[in-house]
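Step one of this worksheet: look at the structure below.
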Amino acid sequence: MMLQRQGRGLWMALGLALVAGGPAGCASMGEGSDVGQIERSTGKNRQAAEVNTELASGYMREGELKVAMEKVKRAIAFDGSYAAAHHVHALLLDRLGEEEEAGEAYRKAHRFDRDNPGIANNYAGYLCRVGEYERAQALFRSAYEDPLYETREYALVNSGRCYQRAGESEKALEQFRRAIDSGSNQPVAVLGMARALHEQGESEEAARVMERYESRFRHTPESLATAIEIDKAVGDDAALANHRLILRGRFPDSPEAKEQQAGGSQ
């Protein structure tokens, strides 16, 4: 998901600045010029940046974050305008909890490839987390409205979750429905729809959506907490007892289980 469509024309409109040695303003292109050598060198730098970015991505997937960081920094050193390198750098920093630095890396990745929906989707997710909801939704929109984005449902789901975070459950519900209608089989889409319906006061329908969730996906602490809220709203004591039992049995140390215990199972 994270690096999809990075090869879009090998990142169009690179805008590379080629700097040759010599006095400022003396860029002679006459006979014997080394322009061809500079261009070849620049091409090699891009290739090296691509290789190191791929290595960084692989190490990150394997949990080798220190090595991944070394590789992505090397990629950026080879070519500071390579958007994919800044994107992987942002994802790494995000994973390490370096929020401010991650934001700067996302900004650079998007600046160097504004037409990449994968970057837009991840950058929007970051902006949503830091409370910049309007900017986040604009970027999500650019991703899910891109007809060439093969997994636009991810952006729709993320947009819905961002609307939920902002307290706009009606808009969230619309996005989750669009994601599901577009063929999304993501558990977060179904769960998000159930929660949004519950927040809209449509708890009976939310309960039916939760049944759909349970028939397809394995519960998480978040999904069980949502199910418990819906059970209370519809007065389904049997389902409520069952969901509490699963939460305490499977996830006894989760914040959701501790919250249930602290609340006296009310």
Side-chain angles (χ1 to χ4, degrees), residues 1-16 46 49-50 53-54 57 60 72 75-76 79-95 98-193 196:
M1 169 185 172
M2 298 299 186
L3 301 178
Q4 290 175 2
R5 292 258 318 270
Q6 286 188 348
R8 189 178 190 174
L10 278 181
W11 307 86
M12 298 180 193
L14 298 174
L16 296 176
R46 171 50 60 92
E50 290 173 354
T53 299
E54 288 297 323
S57 180
M60 182 169 62
V72 78
I76 293 169
D79 189 342
S81 67
Y82 186 40
H86 291 292
H87 190 200
V88 173
H89 192 207
L91 295 171
L92 265 169
L93 290 166
D94 226 347
R95 189 161 169 181
E98 302 290 343
E99 187 173 273
E100 186 174 343
E101 292 85 351
E104 177 63 14
Y106 280 125
R107 186 189 65 77
K108 288 180 179 178
H110 184 246
R111 177 162 63 91
F112 287 121
D113 192 351
R114 294 186 180 277
D115 295 328
N116 188 288
I119 290 176
N121 183 34
N122 287 326
Y123 187 19
Y126 165 82
L127 290 172
C128 184
R129 290 198 307 277
V130 299
E132 296 191 41
Y133 302 125
E134 187 173 341
R135 288 182 63 199
Q137 291 297 346
L139 284 174
F140 282 135
R141 190 176 306 112
S142 73
Y144 63 70
E145 289 184 350
D146 187 330
L148 299 179
Y149 192 25
E150 295 177 356
T151 52
R152 59 191 297 272
E153 68 270 17
Y154 286 117
L156 283 167
V157 170
N158 289 338
S159 172
R161 289 173 69 87
C162 188
Y163 276 127
Q164 278 186 322
R165 190 182 183 100
E168 298 186 70
S169 59
E170 186 173 350
K171 291 181 179 179
L173 180 58
E174 179 184 351
Q175 297 298 71
F176 291 129
R177 279 180 167 150
R178 289 178 66 186
I180 292 169
D181 289 345
S182 70
S184 174
N185 194 36
Q186 295 181 72
V188 290
V190 182
L191 180 61
M193 185 174 180

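Being a predicted model, the structure only gives us computed values, none of them experimental.
Rounding to the nearest 0.5 angstrom, the gap separating the CG atom in Leu127 from the OH atom in Tyr133 is 11.5 Å. With rounding to the nearest 0.5 angstrom, the OH atom of Tyr126 is 14.5 Å from the NE2 atom of His110. The CG atom of Asn116 lies 8.0 Å from the OH atom of Tyr149; values are rounded to the nearest 0.5 Å. Atom CG of Asp181 and atom CD of Glu153 lie 12.0 Å apart (nearest 0.5 Å). Distance check: Arg161 CZ to Arg129 CZ gives 11.0 Å after rounding to the nearest 0.5 Å. Within the model, atoms CD of Glu50 and OH of Tyr82 stand 4.5 Å from one another, a figure rounded to the nearest 0.5 Å.
Remark: the backbone N or O of Val157 is not paired with any side-chain donor or acceptor of Gln186 at under 3.5 angstrom. A donor-acceptor pair is defined here as one N or O able to donate and one able to accept, closer than 3.5 Å; such a pair exists between the side chain of Gln137 and the backbone of Ser159. Asn158 contributes a side-chain N or O that, together with a main-chain N or O of Tyr154, makes up a donor-acceptor pair within less than 3.5 Å. Panel note: side chain Ser57, backbone Thr53; no donor-acceptor pair is recorded below 3.5 Å.
Closest heavy-atom contact between Cys128 and Ala136: N-CB, 3.7 Å. Ser169 approaches Ala196 most closely through the heavy-atom pair O-CB, 3.9 Å. Taking each heavy atom of Phe176 and Met193 in turn, the nearest pair found is CD1-N, 3.6 Å. The minimum heavy-atom distance between Leu156 and Gln175, with the atom names listed, is O-CB, 3.6 Å. Closest non-hydrogen pair, Gly125 versus Phe140, comes out as N-CZ, 3.7 Å. Of all heavy-atom pairs spanning Ala109 and His87, the tightest one is CB-N, 3.6 Å.
Taking 4.5 Å as the limit, some side-chain heavy atom of Arg178 sits within range of a side-chain heavy atom of Arg152. Side-chain contact between Tyr106 and Leu91 is present, with at least one heavy-atom pair separated by less than 4.5 Å.
Salt bridge annotation for Glu174-Arg177: absent, with no cationic side-chain nitrogen under 4.0 angstrom from a carboxylate oxygen.
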For this session: Go through the steps for Arg111 and Arg107 under the test side chain to side chain contact (heavy atoms under 4.5 Å, CB included), then give the verdict.
Result: CA-CA 6 Å; Arg111 177 162 63 91; Arg107 186 189 65 77; 3.7 Å; yes
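Between His86 and Phe112, the angle of the ring planes stays under 30°, which puts this pair in the parallel group of the 30/60° scheme.
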